[in-house]
Amino acid sequence: MKFFICLLALQQLYVQSVAQDFDFFYFVLQWPGAYCDSRHSCCYPKTGKPAADFGIHGLWPNYKTGGWPQNCNPDSQFDDLRVSDLMSDLQREWPTLSCPSNDGMKFWTHEWEKHGTCAESELDQHDYFEAGLKLKQKANLLHALINTGIKPDDKFYELKDIENTIKEVVGFAPGIECNKDSSHNSQLYQIYLCVDTSASKFINCPVMPHGRCDSRVQFPKF
């Protein structure tokens with residue numbers, strides 16, 4: 001009996017050590033107009049077309065060395081009942097554009113099981129998704145960009161101006177990822193903000209993601 005208790009304790013310690021082994025989060029926001037204007041298929045969720053705003057792609061634990069943990073606890077499955085009070089906010093702020101049109105459950109399941117389980121030493125499932133929602137509200141990037149004249153109007157803007165505006169708001173330089181549309185225009189696609197392990201404060205990025213952008217990028221309509 002003692003052997004099995006010790007074995008269970010060791011397994012729990014192993015899961016905790018794996019889940020705890022990260023240095024910071026990438027908080028990734030995605031512009032839906034760029035996603036839908038690329039070669040990816042794009043379907044609105046069953047709740048309808050999302051607002052013309054950055055949507056949350058994910059909150060991803062990362063290492064300072066540039067790698068990341070994933071799928072850390074196969075026993076910790078996504079349970080929509082644990083985030084039932086957040087559901088309307090998730091549908092609005094963390095929407096899916098994958099096809100076929102769906103209710104978002106598959107997307108949130110993927111984000112939790114691949115990424116969220118690697119942060120369970122800091123955040124349970126409810127806290128994980130709530131942290132993402134709070135970070136989006138805190139950054140409020142579209143409002144900041146529009147206030148400096150950078151609008152989703154299909155026009156091209158200096159990449160440096162976008163970076164500087166975001167840095168002014170969050171206090172730290174962002175990572176920016178662009179995609180190419182069918183006309184090979186470089187488009188503003190995803191913004192990476194670095195966050196501490198409690199998922200409450202923006203920090204200086206220990207390592208920047210590799211995102212290729214032209215010096216001028218299009219901010220497509222949605």
- Do Ile191 and Phe54 pass the side chain to side chain contact (heavy atoms under 4.5 Å, CB included) test, and can you show the C-alpha distance, the side-chain angles, and the key distance before you say yes or no? CA-CA 9 Å; Ile191 295 173; Phe54 288 97; 3.8 Å; yes

- Task: Report yes or no: does Asp127 contribute a side-chain atom to a donor-acceptor pair with the main-chain N or O of Ala131 at less than 3.5 Å?
- Result: no

- Leu90, Leu133, Asp89 screened by side-chain contact (heavy atoms from CB on, under 4.5 Å) with Val83, the one that passes: Leu90

- Message: Tell me whether the rings of His57 and Phe107 are parallel (<30°), tilted (30 to 60°) or perpendicular (>60°).
- Response: tilted

- Item | Among Arg212, His210, Gln190, the one residue meeting side chain to side chain donor-acceptor pair (under 3.5 Å) with Glu177 | Gln190

- Message: Test side chain to side chain contact (heavy atoms under 4.5 Å, CB included) on Asp103 and Thr47; report intermediate values, then the result.
- Response: CA-CA 7 Å; Asp103 58 7; Thr47 50; over 6 Å; no

- Message: Let me check something: do Ile203 and Leu193 share a hydrophobic cluster, defined by ILVMFWY side-chain heavy atoms less than 4.5 Å apart, either directly or through other members?
- Response: no

- Query: Between Ser76 and Trp112, is a side chain to side chain contact (heavy atoms under 4.5 Å, CB included) present by the stated rule, with each step listed?
  - Reply: CA-CA 9 Å; Ser76 181; Trp112 169 252; 3.3 Å; yes

- Message: I need the minimum non-hydrogen distance between Val207 and Tyr63, along with the two atoms involved.
- Response: CG1-O, 3.9 Å

- Message: Between Asp79 and Gln125, do the side chains contain a donor N or O and an acceptor N or O under 3.5 Å apart?
- Response: no

- Note on the structure: Heavy atoms of Asp181 and Ser183 approach each other most closely as OD1-N, 2.9 Å

- Message: Quick check: Tyr26 with Tyr192 (ring centres under 6.0 Å apart)?
- Response: yes

- Message: Check this for me: does any side-chain nitrogen of one of Lys180 and Asp214 sit under 4.0 Å from a carboxylate oxygen of the other?
- Response: yes

- Task: Could you walk me through whether Cys118 and Cys72 pass disulfide bond (SG atoms under 2.5 Å apart), step by step?
- Result: CA-CA 5 Å; Cys118 298; Cys72 293; 2.0 Å; yes

- Side chain of Asn73, backbone of Asn71: donor and acceptor closer than 3.5 Å? no

- May I ask you to decide if the ring planes of Tyr128 and Phe25 are parallel, tilted or perpendicular, using 30° and 60° as cut-offs? tilted

- Say whether His126 and Asp85, considering side chains only, have a donor N or O and an acceptor N or O under 3.5 Å apart. yes

- Query: So, do Gln30 and Tyr189 sit near enough that their side-chain heavy atoms are less than 4.5 Å apart?
  - Reply: yes

- Query: Do the side-chain sulfurs (SG) of Cys42 and Cys99 come closer than 2.5 Å?
  - Reply: no

- Is it the case that one hydrophobic cluster holds both Phe27 and Leu145, taking links as side-chain heavy atoms less than 4.5 Å apart, direct or via other members? yes

- Could you go step by step and tell me if Leu135 and Val195 meet the side chain to side chain contact (heavy atoms under 4.5 Å, CB included) rule? CA-CA 9 Å; Leu135 287 167; Val195 182; 4.0 Å; yes

- Task: Please report the closest heavy-atom contact between Tyr44 and Ser101, naming both atoms and the distance.
- Result: O-OG, 2.7 Å

- Task: Check Pro206 against Phe24 and note the closest heavy-atom contact, atom names and distance.
- Result: CG-CD2, 3.6 Å

- Donor + acceptor pair across side chains of Asp37, Gln187 (<3.5 Å): yes

- Query: Is the CZ atom of Arg82 crowded by more than 12 outside heavy atoms at less than 6.0 Å?
  - Reply: no

- Task: Give the minimum heavy-atom separation between Trp60 and Asn62, together with the two atoms involved.
- Result: O-ND2, 3.3 Å

- Message: I'd like to know whether the aromatic ring centres of Phe129 and Trp108 sit less than 6.0 Å apart in this structure.
- Response: no

- Item | Atom NZ of Lys167 with >12 non-hydrogen neighbours under 6.0 angstrom | no

- Are His115 and Leu59 side-chain neighbours, meaning at least one heavy-atom pair lies under 4.5 Å? no

- Item | Under 3.5 Å donor-acceptor, Lys46 side chain and Gly104 backbone | no

- Query: Is the backbone of Arg216 close enough, under 3.5 Å, to the side chain of Glu158 for a donor and an acceptor to pair up by distance?
  - Reply: no

- Task: For residues Trp31 and Phe219, establish whether the separation of their ring centroids is below 6.0 Å.
- Result: yes

- Least distance between heavy atoms, Glu122 atom then Ser198 atom: OE1-CA, 4.2 Å

